[in-house]
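Following: one structure in C-alpha cells, then a few remarks.
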Amino acid sequence: MKKKVVVLVVALLLVLIFALAGCMPKDDGLLDAYTIPQIDLNATAMPSDIGDEYKGLYGYDIVDDGGTETDYLAHPDAVMVDGGMAIYYSKGHGRGAIGGKFSTDGKKWEEIKGLPLTWQNSMETPTVYQLRLNRGTEKEKIKYILISGCPTWGGRYKGNGFNVSLSDDGVNGWTEFQNFYGLDANGKKGENFVAPIVAMASLTQLKDENGNWTNSWMGFFHDDNAYNYKTILTFDEYGYMKWSAPEKYFANYRKIEKKAFMCEVEVVRSEKGEGDELMLLARSNGKNANKEMNSLMSISTDEGKTWSEPKQLPAAVNGERHKAEWLDDGRLFITFRSISKDSSNFKTVDETVGSGNGKWYSEGWIAWVGTFDDLKNLKEGQYRIKLAHTYLPNQTKSVLAANGDCGYSGNVVMQDGKIMTSTYGMFSQTRDKTIIASKVININLVDELVAKMKK
C-alpha cells in the first residue's frame with residue numbers, strides 16, 4: 001500500500017513540475033498527426049481522368065524567377081490593390097533588395113518600377129498591408145504600408161529598429177524608408193531600441209471601447225531571444241506616422257513563449273474581420289529548431305491588451321508563418337509552411353531522412369480551410385490543400401516530404417471570390433532556382449474535389 005502511495009505522489013510531483021514549467025505533457029491525440037483530407041494540387045498529382053473544369057487548379061505560375069540577376073528570391077507578401085494584387089519580396093534570404101510585381105489575374109505579372117532607393121538595402125523580409133483610415137465613414141481613405149525590420153542576424157549586425165514606407169495606391173509613389181526605434185545619429189542604440197525579425201508579421205486595425213474602428217493598428221514582431229513585441233501605429237494631424245514604444249505583450253506566458261520560441265505571429269479578427277475577438281496564431285520553432293511544440297493559439301477580447309494562455313494547435317494547422325484570409329462564405333483560408341511530427345512516416349518515407357534530426361519534416365506549401373471556431377476550439381478543420389510541391393534532392397514528383405524553404409505567402413481574396421496566393425521555393429525537379437510563384441484557387445472547385453475524395 002505504501003509503495004502505491006509513493007508512486008502516486010511521484011506521479012503527482014511530475015505533473016506539478018511540468019505544469020510549473022509551462023509545458024504540460026502533450027496530448028498526442030491530434031498534435032502529431034491529422035485525420036482531415038488533404039488534396040494535392042501539384043501538377044504531377046493531377047489525375048489522368050480529371051474533368052476539364054478542374055485542370056486549372058493544378059500547377060503554378062511564375063511571378064519572378066530571378067533571370068540572370070539572382071538564383072534566390074524569397075519571402076513574399078501581397079496586398080490587394082485597385083484592379084489586382086501587388087507582391088513584394090526579397091532578392092535574397094530575408095535581407096536583400098525588395099522587388100515588386102503586379103497582376104490583375106494572379107497568372108501574368110508585370111514588374112513594379114520606380115521603387116525607393118532605400119529598398120535596395122532592406123535587411124529583412126518585407127510585409128505589406130492596406131490601411132483603411134476613417135473606416136466605415138464617408139471620409140474613408142485607403143493607404144498602403146510596407147515594413148522591413150533590421151535584426152541582428154545572429155549577432156552579425158547591430159540591428160536597427162524597423163523601416164517603413166507608405167503609398168497611396170500600393171504600387172506607385174512609395175516613400176523612402178523611415179526608420180523607427182533603431183540606431184541614433186551616432187550609431188548608438190536609441191531609446192526603446194529593438195532589432196525586429198519579420199516586422200510586422202501582422203498588422204491589425206483596432207476598435208475603441210464602443211466597438212468603433214479607430215485610426216490605429218497593432219503590429220507584432222519578435223527578436224533573437226523569442227521576445228514578442230507589439231507597437232501601435234497612428235497618424236498625427238499632419239499625416240505623419242507615429243509608432244508607440246514596442247512592448248513585450250506576452251510576458252505573462254514567458255516560459256511557454258521561450259520554450260516554443262514563439263515567433264512570426266498572425267492575428268485574425270473574428271466574424272470575417274468585423275468581430276470583437278482577436279486570435280493569435282504563432283510559429284513554434286523551439287530550441288535549436290527542434291519544434292517540440294506545435295503552433296500556438298491565443299485569444300484576446302480586449303483589442304490585444306491581454307491574451308489567453310496559449311494552446312497548441314492540432315497537427316492539421318501546425319506550421320510556420322501563417323497567413324490568413326477570410327473567404328466569402330465565412331471560412332478561413334490559411335497558408336503556412338507545414339511541419340509534420342508524425343513519427344509513423346519517418347522510417348517508411350525515405351525522403352524524410354535527415355529532416356529535423358529525425359523529429360520532424362516539412363510538408364511544404366500548405367493551405368488549411370476551416371472556421372474560426374475550429375481553431376478556437378482546437379479542432380482540425382475541414383481539409384488541407386497542398387498548393388504545389390517544393391522539391392528535395394532526387395525528387396521527381398509530389399510526395400509526402402517537401403523542401404521546407406518555402407511559405408511566407410501573400411494571399412488575397414478577390415472580388416470574384418477567387419484566391420490569389422504566392423510563395424517562394426524550388427518548384428522544379430531540377431531544383432536550380434528558388435523563385436517566387438503564384439497560384440489561383442477557385443475554392444468552390446476544390447470543395448467539389450474534396451467531396452469526391454471522401455466517397
Restricting to side-chain hydrogen bond (donor to acceptor under 3.5 Å, both in side chains), what partner residues turn up for [X], sequence neighbours left out?
X: Asp432; answer: Thr430
X: Asp302; answer: Ser300, Thr306
X: His75; answer: Tyr424
X: Thr390; answer: none

The criterion is side-chain contact (heavy atoms from CB on, under 4.5 Å); which residues satisfy it with [X], sequence neighbours excluded?
X: Lys272; result: Trp326
X: Pro47; result: Asp49, Ile50, Tyr58
X: Thr70; result: Tyr72, Leu73
X: Lys113; result: Glu111

Does [X] come within less than 4.0 Å of [Y], counting only side-chain N to carboxylate O?
X: Lys259; Y: Glu292; value: yes
X: Glu277; Y: Lys376; value: yes
X: Asp447; Y: Arg331; value: yes

Kindly indicate, with the supporting measurements, whether the criterion side-chain contact (heavy atoms from CB on, under 4.5 Å) is fulfilled by Cys150 and Phe162. CA-CA 6 Å; Cys150 300; Phe162 53 90; over 6 Å; no
Starting at [atom1] of [X], measure out to [atom2] of [Y] and round the result to the nearest 0.5 Å.
X: His322; Y: Ser338; atom1: NE2; atom2: OG; result: 8.5 Å
X: Asn228; Y: Leu280; atom1: CG; atom2: CG; result: 8.0 Å
X: Lys255; Y: Glu257; atom1: NZ; atom2: CD; result: 13.5 Å
X: Asp168; Y: Lys141; atom1: CG; atom2: NZ; result: 5.5 Å

Report, as yes or no, whether the 6.0 Å neighbourhood of atom CG on Asp82 holds more than 12 heavy atoms from other residues, nucleotides or ligands. no
Taking salt bridge (charged side-chain N to carboxylate O under 4.0 Å, His left out) as the cut-off, I'd like each qualifying pair that reaches into residues 98-107, sequence neighbours left out, listed once. Asp61-Lys107
Side chains of [Y] and [X]: any donor to acceptor distance under 3.5 Å?
X: Thr137; Y: Asn134; answer: no
X: Asn318; Y: Ser295; answer: yes
X: Tyr89; Y: Asp64; answer: yes
X: Asn212; Y: Lys207; answer: no

State which residues pass ring-ring contact (aromatic ring centres under 6.0 Å, His included) with Phe333; sequence neighbours excluded, sorted by chain then number. none
Pairing residues for Trp174 by the ring-ring contact (aromatic ring centres under 6.0 Å, His included) criterion, not counting sequence neighbours: Tyr88, Trp119
Glu363 pairs by salt bridge (charged side-chain N to carboxylate O under 4.0 Å, His left out) with which of Arg337, Lys341, Arg384? Arg384
Would you call the rings of Tyr60 and Phe427 parallel, tilted or perpendicular, taking 30° and 60° as the class edges?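 If you compare the ring of Tyr60 with that of Phe427, the planes turn out tilted.
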Return a table of donor-acceptor pairs under 3.5 angstrom between the side chains of residues 243-253 and protein atoms on other chains or two or more places apart.
residue: Ser244; atom: OG; partner: Ile232; partner atom: N; Å: 2.7
residue: Tyr253; atom: OH; partner: Trp307; partner atom: O; Å: 2.9
residue: Tyr253; atom: OH; partner: Glu309; partner atom: N; Å: 3.1

